[in-house]
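I have placed the structure first, in the form of C-alpha coordinates, so that the comments after it can refer back to it.
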Amino acid sequence: MGSQGMSSSSPFVVNRSQVVIVKPSKATPEVSLSLSTFDNDPYLETLAKTVYVYAPPSPKENVHDPASLFQQALSDALVYYYPLAGKLHRGSDDHRLELRCSPVEGVPFVRASADCTLSSLNYLEDMDADLYQLVPSNVAEPTGGYNPLALQITLFACGGITLATALSHSLCDGFGASQFFKALTELAAGNTQPSIIPVWDRHCLTSNNFSINGQVEDGQAPKLVDFGEACSSVATSPYTPTNDMVCEILNVTPEDISQLKEKVAGEVTTLEILAAHVWRSRCRALKLSPDGTSLFGMAVGIRRIVDPPLPEGYYGNAFVKANVAMKAGELNNSPLSHVVTLIKEAKRAALEKRYVLEQLREIERTLKMNVACEGGNGAFMLLTDWRQLGLLDEVDFGYGGSLNIIPLVPKYLPDICIFLPRKHGGVRVLVTLPKTAMSNFKEHMINTLNL
(Lines give C-alpha, C1' and ligand atoms only; values in the text may rest on other atoms or scores of the structure.)
Protein backbone atom coordinates (compact mmCIF):
# COMPACT_ATOMS: atom_id res chain seq x y z
CA MET A 1 0.00 0.00 0.00
CA GLY A 2 1.49 3.31 -1.09
CA SER A 3 0.36 6.91 -1.01
CA GLN A 4 0.43 9.78 -3.44
CA GLY A 5 0.88 12.97 -1.47
CA MET A 6 -0.86 15.77 -3.26
CA SER A 7 1.76 18.41 -2.54
CA SER A 8 3.98 20.11 -5.06
CA SER A 9 7.74 20.47 -4.92
CA SER A 10 7.89 21.95 -8.42
CA PRO A 11 5.18 24.59 -8.87
CA PHE A 12 4.04 25.30 -12.39
CA VAL A 13 2.21 28.21 -13.92
CA VAL A 14 -0.86 27.92 -16.13
CA ASN A 15 -1.60 30.70 -18.58
CA ARG A 16 -5.33 31.08 -19.16
CA SER A 17 -7.00 32.75 -22.09
CA GLN A 18 -10.19 34.76 -21.84
CA VAL A 19 -13.35 32.78 -21.07
CA VAL A 20 -15.40 31.86 -24.14
CA ILE A 21 -19.11 31.08 -23.82
CA VAL A 22 -19.83 27.97 -25.90
CA LYS A 23 -23.42 27.66 -27.11
CA PRO A 24 -25.18 24.63 -28.58
CA SER A 25 -24.38 24.13 -32.28
CA LYS A 26 -28.09 23.78 -33.08
CA ALA A 27 -31.27 25.42 -31.82
CA THR A 28 -32.39 24.38 -28.33
CA PRO A 29 -35.61 25.19 -26.45
CA GLU A 30 -36.19 28.09 -24.11
CA VAL A 31 -37.65 26.49 -21.03
CA SER A 32 -37.56 26.39 -17.23
CA LEU A 33 -36.93 22.91 -15.88
CA SER A 34 -37.72 21.56 -12.44
CA LEU A 35 -35.49 18.99 -10.78
CA SER A 36 -36.08 15.80 -8.85
CA THR A 37 -36.33 15.64 -5.08
CA PHE A 38 -32.89 14.02 -4.96
CA ASP A 39 -31.46 16.81 -7.16
CA ASN A 40 -32.93 19.39 -4.78
CA ASP A 41 -31.05 18.01 -1.77
CA PRO A 42 -29.19 21.09 -0.44
CA TYR A 43 -26.29 18.90 0.68
CA LEU A 44 -25.58 18.12 -3.00
CA GLU A 45 -25.50 21.70 -4.21
CA THR A 46 -21.84 22.03 -5.08
CA LEU A 47 -19.72 22.22 -8.20
CA ALA A 48 -17.80 18.96 -8.46
CA LYS A 49 -14.40 19.68 -9.99
CA THR A 50 -12.49 16.89 -11.71
CA VAL A 51 -9.26 16.83 -13.71
CA TYR A 52 -8.70 14.20 -16.41
CA VAL A 53 -5.08 13.73 -17.52
CA TYR A 54 -4.24 12.52 -21.05
CA ALA A 55 -0.93 11.38 -22.49
CA PRO A 56 0.49 13.08 -25.60
CA PRO A 57 -0.97 11.79 -28.88
CA SER A 58 1.01 9.20 -30.79
CA PRO A 59 3.04 10.50 -33.78
CA LYS A 60 0.61 8.96 -36.26
CA GLU A 61 -2.31 10.93 -34.83
CA ASN A 62 -3.04 14.36 -36.22
CA VAL A 63 -4.37 16.53 -33.37
CA HIS A 64 -3.03 20.03 -34.00
CA ASP A 65 -5.53 21.99 -31.91
CA PRO A 66 -7.11 19.96 -29.10
CA ALA A 67 -8.76 23.07 -27.60
CA SER A 68 -10.71 23.75 -30.80
CA LEU A 69 -11.53 20.05 -31.05
CA PHE A 70 -13.12 20.02 -27.61
CA GLN A 71 -14.76 23.42 -28.00
CA GLN A 72 -16.61 22.09 -31.04
CA ALA A 73 -17.37 18.79 -29.30
CA LEU A 74 -18.83 20.71 -26.36
CA SER A 75 -20.99 22.80 -28.68
CA ASP A 76 -22.30 19.62 -30.31
CA ALA A 77 -22.83 17.88 -26.95
CA LEU A 78 -24.93 20.79 -25.69
CA VAL A 79 -27.51 20.09 -28.38
CA TYR A 80 -28.30 16.95 -26.40
CA TYR A 81 -27.34 18.26 -22.95
CA TYR A 82 -28.71 21.79 -23.33
CA PRO A 83 -29.79 21.92 -19.64
CA LEU A 84 -26.06 22.07 -18.75
CA ALA A 85 -25.92 25.40 -20.60
CA GLY A 86 -28.70 26.91 -18.49
CA LYS A 87 -28.65 28.91 -15.29
CA LEU A 88 -29.31 27.23 -11.96
CA HIS A 89 -31.18 29.11 -9.26
CA ARG A 90 -32.62 28.14 -5.85
CA GLY A 91 -35.88 29.88 -4.98
CA SER A 92 -36.06 32.03 -1.88
CA ASP A 93 -39.61 30.93 -1.03
CA ASP A 94 -39.79 27.18 -1.59
CA HIS A 95 -35.98 26.64 -1.58
CA ARG A 96 -36.24 24.48 -4.70
CA LEU A 97 -33.89 24.56 -7.64
CA GLU A 98 -34.96 25.84 -11.01
CA LEU A 99 -33.00 25.56 -14.24
CA ARG A 100 -33.58 28.30 -16.79
CA CYS A 101 -32.58 27.31 -20.31
CA SER A 102 -32.25 29.77 -23.17
CA PRO A 103 -30.66 29.60 -26.63
CA VAL A 104 -28.56 32.64 -25.76
CA GLU A 105 -26.92 30.87 -22.80
CA GLY A 106 -23.82 28.70 -22.96
CA VAL A 107 -21.02 27.03 -21.04
CA PRO A 108 -17.86 28.89 -19.96
CA PHE A 109 -14.88 27.35 -21.76
CA VAL A 110 -11.26 28.20 -21.01
CA ARG A 111 -8.17 27.49 -23.12
CA ALA A 112 -4.92 27.35 -21.19
CA SER A 113 -1.29 26.28 -21.53
CA ALA A 114 1.59 25.26 -19.29
CA ASP A 115 5.30 25.49 -20.22
CA CYS A 116 6.24 22.13 -18.75
CA THR A 117 5.67 18.46 -19.47
CA LEU A 118 3.23 16.20 -17.68
CA SER A 119 6.03 13.74 -16.95
CA SER A 120 7.97 16.46 -15.09
CA LEU A 121 4.92 16.77 -12.84
CA ASN A 122 4.59 12.99 -12.42
CA TYR A 123 1.33 13.23 -14.38
CA LEU A 124 -0.14 15.25 -11.53
CA GLU A 125 0.13 12.42 -9.03
CA ASP A 126 1.88 14.67 -6.50
CA MET A 127 0.04 17.96 -6.79
CA ASP A 128 -2.22 19.92 -4.47
CA ALA A 129 -3.08 23.61 -4.62
CA ASP A 130 -1.55 23.98 -8.09
CA LEU A 131 -4.30 21.76 -9.47
CA TYR A 132 -6.82 24.56 -9.06
CA GLN A 133 -5.07 26.35 -11.92
CA LEU A 134 -6.34 23.57 -14.17
CA VAL A 135 -10.03 23.95 -13.36
CA PRO A 136 -12.27 26.80 -14.52
CA SER A 137 -12.98 29.47 -11.94
CA ASN A 138 -16.54 30.14 -10.88
CA VAL A 139 -18.11 32.85 -13.01
CA ALA A 140 -20.34 35.23 -11.05
CA GLU A 141 -23.72 36.02 -12.57
CA PRO A 142 -24.96 39.53 -11.72
CA THR A 143 -28.50 38.64 -12.86
CA GLY A 144 -28.79 35.70 -10.47
CA GLY A 145 -28.22 32.01 -11.01
CA TYR A 146 -24.99 30.30 -11.91
CA ASN A 147 -23.53 28.06 -14.59
CA PRO A 148 -23.97 24.36 -13.77
CA LEU A 149 -21.03 23.49 -16.02
CA ALA A 150 -17.68 24.98 -17.01
CA LEU A 151 -14.70 23.40 -18.80
CA GLN A 152 -10.99 24.11 -19.14
CA ILE A 153 -8.49 22.42 -21.42
CA THR A 154 -4.80 22.90 -20.68
CA LEU A 155 -2.11 22.00 -23.23
CA PHE A 156 1.30 21.00 -21.85
CA ALA A 157 4.67 21.35 -23.58
CA CYS A 158 4.82 17.59 -24.22
CA GLY A 159 1.57 17.68 -26.16
CA GLY A 160 -0.43 16.06 -23.36
CA ILE A 161 -3.56 17.72 -22.03
CA THR A 162 -5.75 17.98 -18.99
CA LEU A 163 -9.47 18.37 -19.38
CA ALA A 164 -11.15 19.75 -16.27
CA THR A 165 -14.85 20.03 -15.53
CA ALA A 166 -16.75 21.96 -12.89
CA LEU A 167 -20.15 20.27 -12.93
CA SER A 168 -23.11 20.83 -10.62
CA HIS A 169 -23.82 17.79 -8.47
CA SER A 170 -27.43 18.99 -8.37
CA LEU A 171 -27.81 18.11 -12.06
CA CYS A 172 -25.75 14.90 -12.30
CA ASP A 173 -24.61 12.13 -10.05
CA GLY A 174 -21.37 10.29 -10.83
CA PHE A 175 -23.16 8.01 -13.27
CA GLY A 176 -24.68 10.98 -15.11
CA ALA A 177 -21.42 12.93 -15.14
CA SER A 178 -19.65 9.92 -16.64
CA GLN A 179 -22.37 9.64 -19.29
CA PHE A 180 -21.88 13.30 -20.27
CA PHE A 181 -18.09 13.05 -20.31
CA LYS A 182 -18.23 9.95 -22.50
CA ALA A 183 -20.55 11.79 -24.90
CA LEU A 184 -18.10 14.69 -25.05
CA THR A 185 -15.16 12.44 -25.94
CA GLU A 186 -17.25 10.47 -28.45
CA LEU A 187 -18.13 13.67 -30.30
CA ALA A 188 -14.50 14.79 -30.14
CA ALA A 189 -13.62 11.44 -31.74
CA GLY A 190 -15.86 12.28 -34.69
CA ASN A 191 -19.08 10.49 -33.80
CA THR A 192 -22.20 12.19 -35.14
CA GLN A 193 -24.13 11.66 -31.90
CA PRO A 194 -23.56 10.21 -28.43
CA SER A 195 -23.95 6.46 -28.01
CA ILE A 196 -26.47 7.18 -25.23
CA ILE A 197 -29.04 9.92 -25.83
CA PRO A 198 -29.69 11.84 -22.58
CA VAL A 199 -33.14 11.99 -21.00
CA TRP A 200 -34.31 14.64 -18.49
CA ASP A 201 -37.48 13.14 -16.90
CA ARG A 202 -36.64 14.41 -13.40
CA HIS A 203 -40.29 13.93 -12.36
CA CYS A 204 -39.56 10.20 -12.03
CA LEU A 205 -37.75 10.74 -8.72
CA THR A 206 -39.93 13.16 -6.81
CA SER A 207 -41.68 12.38 -3.56
CA ASN A 208 -45.07 12.90 -5.26
CA ASN A 209 -44.43 10.50 -8.15
CA PHE A 210 -42.34 7.78 -6.52
CA SER A 211 -44.56 4.81 -5.76
CA ILE A 212 -43.99 1.55 -3.92
CA ASN A 213 -47.39 0.21 -4.98
CA GLY A 214 -48.90 0.31 -1.51
CA GLN A 215 -46.42 -2.15 -0.09
CA VAL A 216 -45.99 -0.24 3.17
CA GLU A 217 -48.03 2.04 5.39
CA ASP A 218 -46.67 5.35 6.60
CA GLY A 219 -46.26 3.98 10.10
CA GLN A 220 -44.06 1.16 8.83
CA ALA A 221 -41.51 3.43 7.16
CA PRO A 222 -37.92 2.61 8.17
CA LYS A 223 -36.17 4.92 10.58
CA LEU A 224 -33.21 6.65 8.96
CA VAL A 225 -30.16 7.65 10.95
CA ASP A 226 -31.18 10.77 12.87
CA PHE A 227 -28.67 13.39 11.71
CA GLY A 228 -29.84 15.88 14.32
CA GLU A 229 -29.15 13.38 17.07
CA ALA A 230 -25.84 12.35 15.50
CA CYS A 231 -24.70 15.96 15.20
CA SER A 232 -25.70 16.77 18.79
CA SER A 233 -23.42 14.01 20.09
CA VAL A 234 -20.76 14.08 17.39
CA ALA A 235 -17.31 12.84 18.35
CA THR A 236 -14.52 15.41 18.62
CA SER A 237 -10.87 15.21 17.66
CA PRO A 238 -7.84 16.95 19.19
CA TYR A 239 -6.72 17.67 15.61
CA THR A 240 -9.77 19.73 14.63
CA PRO A 241 -10.73 22.39 13.87
CA THR A 242 -7.70 23.34 11.79
CA ASN A 243 -6.90 24.97 8.48
CA ASP A 244 -3.87 22.72 8.00
CA MET A 245 -5.61 20.01 5.97
CA VAL A 246 -3.98 17.70 3.43
CA CYS A 247 -5.44 15.51 0.72
CA GLU A 248 -3.74 12.28 -0.28
CA ILE A 249 -4.46 9.28 -2.47
CA LEU A 250 -3.52 5.86 -1.12
CA ASN A 251 -2.91 3.01 -3.54
CA VAL A 252 -4.50 -0.18 -2.22
CA THR A 253 -3.28 -3.16 -4.22
CA PRO A 254 -5.23 -6.34 -5.03
CA GLU A 255 -2.91 -8.15 -2.59
CA ASP A 256 -3.84 -5.68 0.18
CA ILE A 257 -7.53 -6.28 -0.47
CA SER A 258 -7.09 -10.05 -0.39
CA GLN A 259 -5.34 -9.77 2.98
CA LEU A 260 -8.20 -7.69 4.37
CA LYS A 261 -10.83 -10.14 3.12
CA GLU A 262 -9.02 -13.00 4.84
CA LYS A 263 -9.77 -11.31 8.17
CA VAL A 264 -13.53 -11.62 7.64
CA ALA A 265 -15.46 -14.88 7.50
CA GLY A 266 -17.97 -15.28 4.70
CA GLU A 267 -18.45 -13.41 1.47
CA VAL A 268 -17.44 -9.76 1.45
CA THR A 269 -17.04 -7.27 -1.38
CA THR A 270 -14.05 -5.01 -1.92
CA LEU A 271 -16.29 -2.01 -1.26
CA GLU A 272 -17.51 -3.38 2.08
CA ILE A 273 -14.16 -4.46 3.49
CA LEU A 274 -12.28 -1.37 2.35
CA ALA A 275 -15.03 0.99 3.55
CA ALA A 276 -14.93 -0.62 6.99
CA HIS A 277 -11.13 -0.47 7.08
CA VAL A 278 -10.93 3.19 6.04
CA TRP A 279 -13.70 4.29 8.43
CA ARG A 280 -12.11 2.58 11.42
CA SER A 281 -8.62 3.82 10.48
CA ARG A 282 -9.94 7.42 10.25
CA CYS A 283 -11.51 7.08 13.67
CA ARG A 284 -8.26 5.85 15.19
CA ALA A 285 -6.09 8.39 13.38
CA LEU A 286 -8.26 11.31 14.50
CA LYS A 287 -8.39 9.98 18.09
CA LEU A 288 -12.12 10.64 18.18
CA SER A 289 -13.68 11.00 21.63
CA PRO A 290 -14.96 7.51 22.54
CA ASP A 291 -18.40 8.61 23.79
CA GLY A 292 -19.10 10.74 20.70
CA THR A 293 -20.82 9.56 17.52
CA SER A 294 -19.07 8.75 14.26
CA LEU A 295 -21.26 8.46 11.19
CA PHE A 296 -20.55 6.51 8.01
CA GLY A 297 -22.54 7.36 4.91
CA MET A 298 -22.30 5.69 1.51
CA ALA A 299 -23.97 6.48 -1.81
CA VAL A 300 -26.04 3.51 -3.03
CA GLY A 301 -27.41 3.61 -6.58
CA ILE A 302 -31.13 2.92 -7.02
CA ARG A 303 -31.39 2.85 -10.82
CA ARG A 304 -32.05 -0.89 -10.81
CA ILE A 305 -34.84 -0.86 -8.21
CA VAL A 306 -36.98 2.02 -9.46
CA ASP A 307 -40.30 0.77 -10.84
CA PRO A 308 -41.03 1.65 -13.56
CA PRO A 309 -37.32 1.67 -14.50
CA LEU A 310 -35.58 4.95 -15.17
CA PRO A 311 -35.16 5.50 -18.91
CA GLU A 312 -31.76 4.83 -20.44
CA GLY A 313 -29.92 8.13 -20.62
CA TYR A 314 -31.28 9.49 -17.32
CA TYR A 315 -28.43 11.53 -15.90
CA GLY A 316 -29.86 13.03 -12.72
CA ASN A 317 -29.11 11.98 -9.15
CA ALA A 318 -30.34 8.45 -8.54
CA PHE A 319 -28.85 7.30 -5.26
CA VAL A 320 -29.66 7.20 -1.57
CA LYS A 321 -27.35 7.35 1.42
CA ALA A 322 -26.83 4.18 3.42
CA ASN A 323 -25.82 5.29 6.91
CA VAL A 324 -24.29 3.68 9.98
CA ALA A 325 -23.85 5.49 13.30
CA MET A 326 -21.54 4.17 16.03
CA LYS A 327 -19.95 5.50 19.15
CA ALA A 328 -16.32 6.21 18.27
CA GLY A 329 -15.11 3.99 21.11
CA GLU A 330 -17.13 1.06 19.80
CA LEU A 331 -15.88 1.63 16.25
CA ASN A 332 -12.29 1.89 17.43
CA ASN A 333 -12.46 -1.43 19.29
CA SER A 334 -14.64 -3.41 16.88
CA PRO A 335 -13.22 -6.12 14.64
CA LEU A 336 -13.53 -5.45 10.93
CA SER A 337 -16.09 -8.25 10.65
CA HIS A 338 -18.55 -6.35 12.89
CA VAL A 339 -18.13 -3.08 10.97
CA VAL A 340 -18.57 -4.94 7.68
CA THR A 341 -21.80 -6.50 8.96
CA LEU A 342 -23.24 -3.07 9.82
CA ILE A 343 -22.31 -1.71 6.40
CA LYS A 344 -23.89 -4.73 4.69
CA GLU A 345 -27.11 -4.19 6.65
CA ALA A 346 -27.18 -0.50 5.75
CA LYS A 347 -26.68 -1.29 2.05
CA ARG A 348 -29.43 -3.91 2.12
CA ALA A 349 -31.88 -1.52 3.79
CA ALA A 350 -31.06 1.28 1.35
CA LEU A 351 -32.19 -0.86 -1.58
CA GLU A 352 -35.69 -1.30 -0.19
CA LYS A 353 -38.27 0.88 -1.90
CA ARG A 354 -39.72 2.04 1.40
CA TYR A 355 -36.27 3.31 2.41
CA VAL A 356 -36.05 5.29 -0.84
CA LEU A 357 -39.47 6.80 -0.18
CA GLU A 358 -38.52 7.78 3.35
CA GLN A 359 -35.32 9.43 2.13
CA LEU A 360 -37.34 11.42 -0.41
CA ARG A 361 -39.57 12.60 2.44
CA GLU A 362 -36.53 13.46 4.54
CA ILE A 363 -35.18 15.68 1.74
CA GLU A 364 -38.56 17.43 1.52
CA ARG A 365 -38.39 18.15 5.26
CA THR A 366 -34.85 19.44 4.86
CA LEU A 367 -35.95 21.82 2.10
CA LYS A 368 -38.60 23.33 4.37
CA MET A 369 -35.95 23.94 7.04
CA ASN A 370 -33.69 25.71 4.46
CA VAL A 371 -30.45 24.20 5.76
CA ALA A 372 -27.01 24.99 4.37
CA CYS A 373 -24.18 22.54 3.87
CA GLU A 374 -21.21 23.11 6.16
CA GLY A 375 -17.92 21.34 6.47
CA GLY A 376 -17.43 18.66 9.08
CA ASN A 377 -14.74 17.91 11.63
CA GLY A 378 -13.80 14.49 10.28
CA ALA A 379 -16.04 12.48 12.62
CA PHE A 380 -18.30 11.70 9.67
CA MET A 381 -17.16 9.77 6.61
CA LEU A 382 -19.14 10.15 3.39
CA LEU A 383 -18.04 7.60 0.80
CA THR A 384 -18.63 7.63 -2.93
CA ASP A 385 -17.35 4.89 -5.22
CA TRP A 386 -16.19 5.95 -8.70
CA ARG A 387 -14.76 2.58 -9.73
CA GLN A 388 -17.80 1.44 -11.72
CA LEU A 389 -18.41 4.69 -13.63
CA GLY A 390 -16.28 3.77 -16.63
CA LEU A 391 -14.01 6.79 -16.16
CA LEU A 392 -10.96 4.86 -17.38
CA ASP A 393 -12.76 3.50 -20.42
CA GLU A 394 -10.85 4.78 -23.39
CA VAL A 395 -12.59 6.72 -26.15
CA ASP A 396 -10.15 7.26 -29.01
CA PHE A 397 -10.20 10.95 -29.84
CA GLY A 398 -6.57 11.06 -30.95
CA TYR A 399 -4.89 10.93 -27.54
CA GLY A 400 -3.51 8.16 -25.45
CA GLY A 401 -5.64 6.75 -22.69
CA SER A 402 -6.49 8.63 -19.53
CA LEU A 403 -3.49 8.48 -17.21
CA ASN A 404 -5.05 9.98 -14.13
CA ILE A 405 -8.37 11.16 -12.74
CA ILE A 406 -8.29 13.63 -9.87
CA PRO A 407 -11.38 14.85 -8.02
CA LEU A 408 -10.69 18.15 -6.28
CA VAL A 409 -12.37 17.85 -2.90
CA PRO A 410 -12.55 21.16 -1.00
CA LYS A 411 -10.52 20.93 2.16
CA TYR A 412 -13.40 22.37 4.17
CA LEU A 413 -15.23 19.08 3.40
CA PRO A 414 -12.87 16.58 5.05
CA ASP A 415 -15.64 14.01 5.52
CA ILE A 416 -15.66 13.08 1.83
CA CYS A 417 -13.81 9.92 0.79
CA ILE A 418 -13.66 8.69 -2.81
CA PHE A 419 -12.73 5.24 -4.11
CA LEU A 420 -11.10 5.72 -7.52
CA PRO A 421 -10.35 3.14 -10.23
CA ARG A 422 -6.82 1.81 -10.60
CA LYS A 423 -5.70 0.56 -14.00
CA HIS A 424 -3.72 -2.36 -12.64
CA GLY A 425 -6.35 -3.50 -10.17
CA GLY A 426 -6.94 -2.46 -6.60
CA VAL A 427 -8.35 0.86 -5.46
CA ARG A 428 -7.07 4.42 -5.12
CA VAL A 429 -8.48 5.92 -1.90
CA LEU A 430 -8.75 9.71 -1.71
CA VAL A 431 -8.95 11.12 1.81
CA THR A 432 -8.65 14.56 3.38
CA LEU A 433 -7.41 14.86 6.97
CA PRO A 434 -5.59 17.26 9.27
CA LYS A 435 -1.89 17.13 8.40
CA THR A 436 -1.02 15.94 11.90
CA ALA A 437 -3.45 13.00 11.56
CA MET A 438 -2.59 11.87 8.03
CA SER A 439 0.55 9.95 8.99
CA ASN A 440 -1.44 8.23 11.78
CA PHE A 441 -4.07 7.27 9.25
CA LYS A 442 -1.58 5.67 6.88
CA GLU A 443 0.00 3.76 9.77
CA HIS A 444 -3.38 2.35 10.83
CA MET A 445 -4.20 1.42 7.24
CA ILE A 446 -0.93 -0.51 6.92
CA ASN A 447 -0.74 -1.98 10.44
CA THR A 448 -4.05 -3.80 10.07
CA LEU A 449 -2.68 -5.63 7.06
CA ASN A 450 0.31 -6.82 9.06
CA LEU A 451 -1.64 -8.14 12.03
Side-chain angles (χ1 to χ4, degrees), residues 21 28-49 81-108 138-150 166-173 176-177 198-212 218 221 224-232 297 299 302 306 310 314-321 323 355-376 382 410 412-413:
I21 302 300
T28 56
E30 182 163 357
V31 64
S32 290
L33 299 173
S34 58
L35 286 88
S36 76
T37 300
F38 287 123
D39 295 335
N40 270 288
D41 188 343
Y43 292 109
L44 291 184
E45 192 175 3
T46 183
L47 287 175
K49 298 181 177 181
Y81 289 90
Y82 67 87
L84 300 183
K87 289 292 186 293
L88 198 56
H89 170 76
R90 191 177 288 275
S92 57
D93 295 329
D94 62 3
H95 312 305
R96 296 182 182 279
L97 291 168
E98 180 185 19
L99 188 62
R100 300 165 184 165
C101 305
S102 168
V104 302
E105 302 287 3
V107 170
N138 298 340
V139 180
E141 294 295 332
T143 57
Y146 59 91
N147 297 101
L149 173 66
L167 179 59
S168 171
H169 203 329
S170 298
L171 294 196
C172 305
D173 61 8
V199 176
W200 187 253
D201 284 4
R202 302 301 168 100
H203 64 278
C204 295
L205 290 178
T206 60
S207 55
N208 293 332
N209 288 331
F210 186 80
S211 172
I212 54 175
D218 284 350
L224 306 182
V225 170
D226 189 326
F227 277 90
E229 181 181 334
C231 290
S232 66
I302 60 169
V306 176
L310 293 175
Y314 186 90
Y315 60 104
N317 289 285
F319 69 91
V320 293
K321 304 181 191 78
N323 299 314
Y355 185 98
V356 177
L357 180 59
E358 185 59 22
Q359 195 148 107
L360 287 167
R361 291 170 175 167
E362 180 66 25
I363 294 172
E364 292 289 351
R365 290 190 287 268
T366 301
L367 285 170
K368 292 177 181 178
M369 292 165 28
N370 191 27
V371 302
C373 179
E374 298 179 356
L382 306 177
Y412 61 83
L413 297 176

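Scanning both residues, Ala85 and Val107, for their nearest heavy atoms gives CA-CG2, 3.9 Å. Closest approach of Ala177 to Cys172, counting heavy atoms only: N-CB, 3.8 Å. Ala166 and Lys49 get closest at one heavy-atom pair: CB-CG, 4.0 Å. The two residues Pro148 and Pro83 come nearest to each other via the heavy atoms CG-O, 4.0 Å.
For Glu364, the side chain to side chain contact (heavy atoms under 4.5 Å, CB included) partners are Thr37, Arg96, Ser207, Leu367, not counting sequence neighbours. The ring-ring contact (aromatic ring centres under 6.0 Å, His included) search around Tyr314 returns none, not counting sequence neighbours.
No side-chain heavy atom of His95 sits under 4.5 Å from any side-chain heavy atom of Asn40. By the 4.5 Å heavy-atom criterion applied to side chains, Lys87 and Asn147 are counted as neighbours. Within the 4.5 Å cutoff, side-chain heavy atoms of Leu88 are placed close to those of Ser168. Side-chain contact between Val306 and Leu205 is present, with at least one heavy-atom pair separated by less than 4.5 Å.
Taking the six-membered ring where the residue is Trp, Phe319 and His169 present tilted rings, their angle falling between 30° and 60°.
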Practice problem: Run the numbers on Asp39 and Arg202 for side-chain contact (heavy atoms from CB on, under 4.5 Å), then give the verdict. | Solution: CA-CA 8 Å; Asp39 295 335; Arg202 302 301 168 100; 2.8 Å; yes
Quiz item: Stepwise, does the side-chain contact (heavy atoms from CB on, under 4.5 Å) test hold for Asp41 with Lys321?
Solution: CA-CA 12 Å; Asp41 188 343; Lys321 304 181 191 78; 2.9 Å; yes
Self-check item: Test log, rule side-chain contact (heavy atoms from CB on, under 4.5 Å), inputs Leu84 and Leu167
Solution: CA-CA 8 Å; Leu84 300 183; Leu167 179 59; 4.1 Å; yes
Quiz item: Given Leu35 and Trp200, is the side-chain contact (heavy atoms from CB on, under 4.5 Å) satisfied, shown in steps?
Solution: CA-CA 9 Å; Leu35 286 88; Trp200 187 253; 4.2 Å; yes
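Taken from CD in Glu358 to CZ in Arg365, the straight-line distance is 5.0 Å, to the nearest 0.5 Å. Separating the NE2 atom in His203 from the CG atom in Asp201 is a distance of 5.0 Å, to the nearest 0.5 Å. To the nearest 0.5 Å, atom CG of residue Leu413 and atom OG1 of residue Thr46 are 6.5 Å apart.
Of the candidates Thr206, Ile363, Asp173, Leu44, Phe38 forms a side chain to side chain contact (heavy atoms under 4.5 Å, CB included) with just one, namely Ile363.
Looking at Arg100, its side chain never comes within 3.5 Å of a backbone N or O of Ser32 through a donor-acceptor pair.
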